[in-house]
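Atoms within a ligand are numbered from 1 in the order they appear, just like the ligands themselves. Position 1 is the first residue of the sequence, and the numbers go up from there.
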Amino acid sequence: METRVGDITSPHMQWWLDAKFGMFIHWGAYSELARGEWVMNRERWPVAEYEAVACAWNPERYDPREWVRMAQDAGMRYLVCTTKHHDGFCLFGSEHNDYNSVATIGRDLMAELAEACHEADMPLGFYYSLKDWHHPDYGAAHRGDDAGQARFIEYTQGLVRELCSNYGKVAILWYDGGGAHDGEGWHADEMNAMVRELQPGIIINDRSRVPEDHDTPEQHIRASSPDRAWETCMTMNGSWGWHAGDSQWKSTGELIATLARVNSLGGNLLLNVGPMGDGALPAESIQRLREIGDWMDLHGESIYGTRRSPFEWGCFGFTTVKGSAAYLQITKPVGQELIVGMVKNRVLSATLLATGEALDFEQREDRLFIRGLPAMAYHNQLSTVVKLQLEGEPEVYPRWL
Ligand code: GLC
């Protein structure tokens, strides 16, 4: 497939732009400690002490088929999983270290995930952290140790090569933790050229300190320029890796509204789950995934395949667009009449997306009045979607200053 790096119109990007919604998975030996993925660093664990935890880690309830099924049932169309986080422990077999799950428990955890994804036609993304709190050569350049730095770059490229060679098709390479060096310091151009040669059509994020295919705002929503692909990654509570003490869960309604808002601005949402040490997902995540899935069954049409919307936010929420359809994502209660002040096109029909029920509407001057919304438009705290069939591509009135 033709790849024009960083070009949103490139053929290799189109499936991803259509997918709109993916699952992020933060999982590793740190999950066992249940205090998030930064635990080793923040609590300053001596390497040997943390190593003992990592080497004893044996996730007995790990069932990647179940993860993939849950992601798909939630309407997620790709998945990105941590293969190695900043702690340096590899969830895959490597010839370049013996600090990996094959060496410790004889299981290539990422091979099992890859198999589950390939079986289910789920595009597989590998998260790879360039940081490494375990490797003695990490950060060598900052100590003036050029030989150590050269070894670390070779090590990094060796692991990335393995990830791109041993697991069949890899759809996405999601770098993280590159803060120690700039792109040149990481030899990122060289490394990513290797990645693209091994995995034609792969999508690479912007965190090897060179722009590559897409931007990755974290825990917030920020649209890139219209010619640039972007993806917000976000947690369901406040933590990426499993944190037993974090009970600040976002509501399903909030998560769905976030998805709509991101999509209306042309982005994807990569929503995180942090499985526990044994491999099982926390009940709170499972519940949210199920509820999102139920909503997506009825409203997926207003999410998948949408592109950046010319409509700005309204008092009711956000608008997603696809072809000549506009979807009003009513994320806030509005009562039974909805007044929309943006739509310039002639409106051919207005329907409740979930049921197909036709709604009464009137266009007068700059305004579109939609009447007879169900009394509980804000049903179960989840957004209601009104589909507008427009005459022609969506057009908006010039904005008021
Ligand atoms: C932050 C966290 C890191 C996490 C990443 C996901 O950078 O520090 O642990 O993996 O976000 O985007």
Side-chain angles (χ1 to χ4, degrees), residues 16 21-45 50 53-54 67 71 76 78-92 109-110 113 125-135 138-139 156 159-160 163 172-183 186 188 203-222 224 229-246 248 250 255 258-259 262 267-277 281-282 285:
W16 184 90
F21 188 29
M23 176 183 271
F24 209 0
I25 305 177
H26 273 71
W27 191 54
Y30 46 81
S31 310
E32 192 68 24
L33 295 171
R35 295 192 294 283
E37 76 288 356
W38 271 77
V39 59
M40 177 182 179
N41 179 294
R42 297 292 94 186
E43 296 180 7
R44 290 197 172 242
W45 283 60
Y50 188 88
V53 173
W67 289 3
M76 293 157 154
Y78 58 100
L79 170 161
V80 178
C81 184
T82 50
T83 63
K84 165 176 115 52
H85 205 269
H86 311 342
D87 64 354
F89 184 76
C90 294
L91 281 70
F92 58 99
L109 301 170
M110 290 302 102
L113 177 67
F126 280 153
Y127 164 109
Y128 180 86
S129 174
L130 295 161
K131 273 193 201 307
D132 202 310
W133 300 321
H134 181 265
H135 198 290
Y138 174 61
T156 300
L159 295 186
V160 170
L163 287 172
I172 299 159
L173 180 59
W174 214 100
Y175 288 112
D176 190 26
H181 308 292
D182 58 12
W186 286 115
I203 293 172
I204 304 179
N205 78 351
D206 61 343
R207 294 194 181 184
S208 58
R209 307 299 303 276
V210 286
E212 296 293 341
D213 290 309
H214 68 289
D215 299 331
T216 54
E218 181 179 304
Q219 300 288 40
H220 70 280
I221 297 172
R222 189 189 57 227
S224 299
W230 64 278
E231 169 189 71
T232 278
C233 53
M234 204 174 267
T235 50
M236 284 191 188
N237 55 4
S239 311
W240 298 101
W242 167 237
H243 194 310
D246 183 345
Q248 305 279 306
K250 291 161 198 161
L255 296 171
T258 298
L259 177 63
V262 167
N268 282 17
L269 178 66
L270 188 62
L271 184 60
N272 185 71
V273 296
M276 297 179 284
L281 255 62
S285 299

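Listed by atom number, the atoms of ligand 1 under 4.0 Å from Trp174 heavy atoms are 12 (O). Atom numbering of ligand 1 starts at 1 in the shown order; those under 4.0 Å from a heavy atom of Trp38 are 2 (C), 3 (C), 8 (O), 9 (O). Close contacts of ligand 1 with Glu218, meaning ligand atoms under 4.0 Å from a residue heavy atom, involve 1 (C), 5 (C), 6 (C), 7 (O), 11 (O), 12 (O). Of all atoms in ligand 1, listed by their number and element, those nearer than 4.0 Å to a heavy atom of His85 are 3 (C), 4 (C), 9 (O), 10 (O). Heavy-atom proximity to Cys233, at under 4.0 Å, picks out these atoms of ligand 1: 12 (O).
Using modelled atom types and a 3.5 Å distance limit, the side chains of Thr235 and Asn272 yield no donor-acceptor pair. Judged purely by distance below 3.5 Å, without hydrogens or angles, the side chains of Asp215 and Ser224 pair a donor atom with an acceptor atom. Counting only N and O atoms by type, the side chains of Thr82 and His26 include no donor and acceptor under 3.5 Å apart.
Proximity of Tyr30 to ligand 1, defined as any heavy-atom pair under 4.0 Å, is not found for any part of the residue. At a heavy-atom distance under 4.0 Å, no atom of Thr216 approaches ligand 1. Only the side chain of Arg207 comes within contact range of ligand 1, with a heavy atom under 4.0 Å; no backbone atom does.
Looking at Tyr127 next to ligand 1, an N or O pair under 3.5 Å apart turns up.
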Practice problem: Please lay out, stage by stage, how Trp16 and His214 fare under the test ring pair (Phe, Tyr, Trp, His ring centres under 6.0 Å). | Solution: CA-CA 11 Å; Trp16 184 90; His214 68 289; 4.8 Å; yes

Self-check item: Derivation and outcome, ring pair (Phe, Tyr, Trp, His ring centres under 6.0 Å), residues Trp174 and Phe24
Solution: CA-CA 10 Å; Trp174 214 100; Phe24 209 0; 4.8 Å; yes

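In terms of protein heavy-atom proximity, atom 5 (C) of ligand 1 is closest to Asp176 OD2, 3.4 Å. From the protein, the heavy atom lying nearest to atom 9 (O) of ligand 1 is Glu37 OE2, 2.6 Å. Among all protein heavy atoms, the one lying closest to atom 10 (O) of ligand 1 is His26 NE2, 2.6 Å.
Of all heavy-atom pairs between Tyr138 and Ala180, the closest is OH-CB, 3.6 Å. Closest heavy-atom contact between Asp246 and Gly238: OD2-N, 2.8 Å. Heavy-atom minimum distance, Arg209 versus Asp182: CB-C, 3.7 Å.
Heavy-atom separations between His86 and ligand 1 include at least one value shorter than 4.0 Å.
The only option from Tyr50, Trp38, Tyr30, Trp45 that meets the side chain to side chain donor-acceptor pair (under 3.5 Å) definition with Asp87 turns out to be Tyr50.
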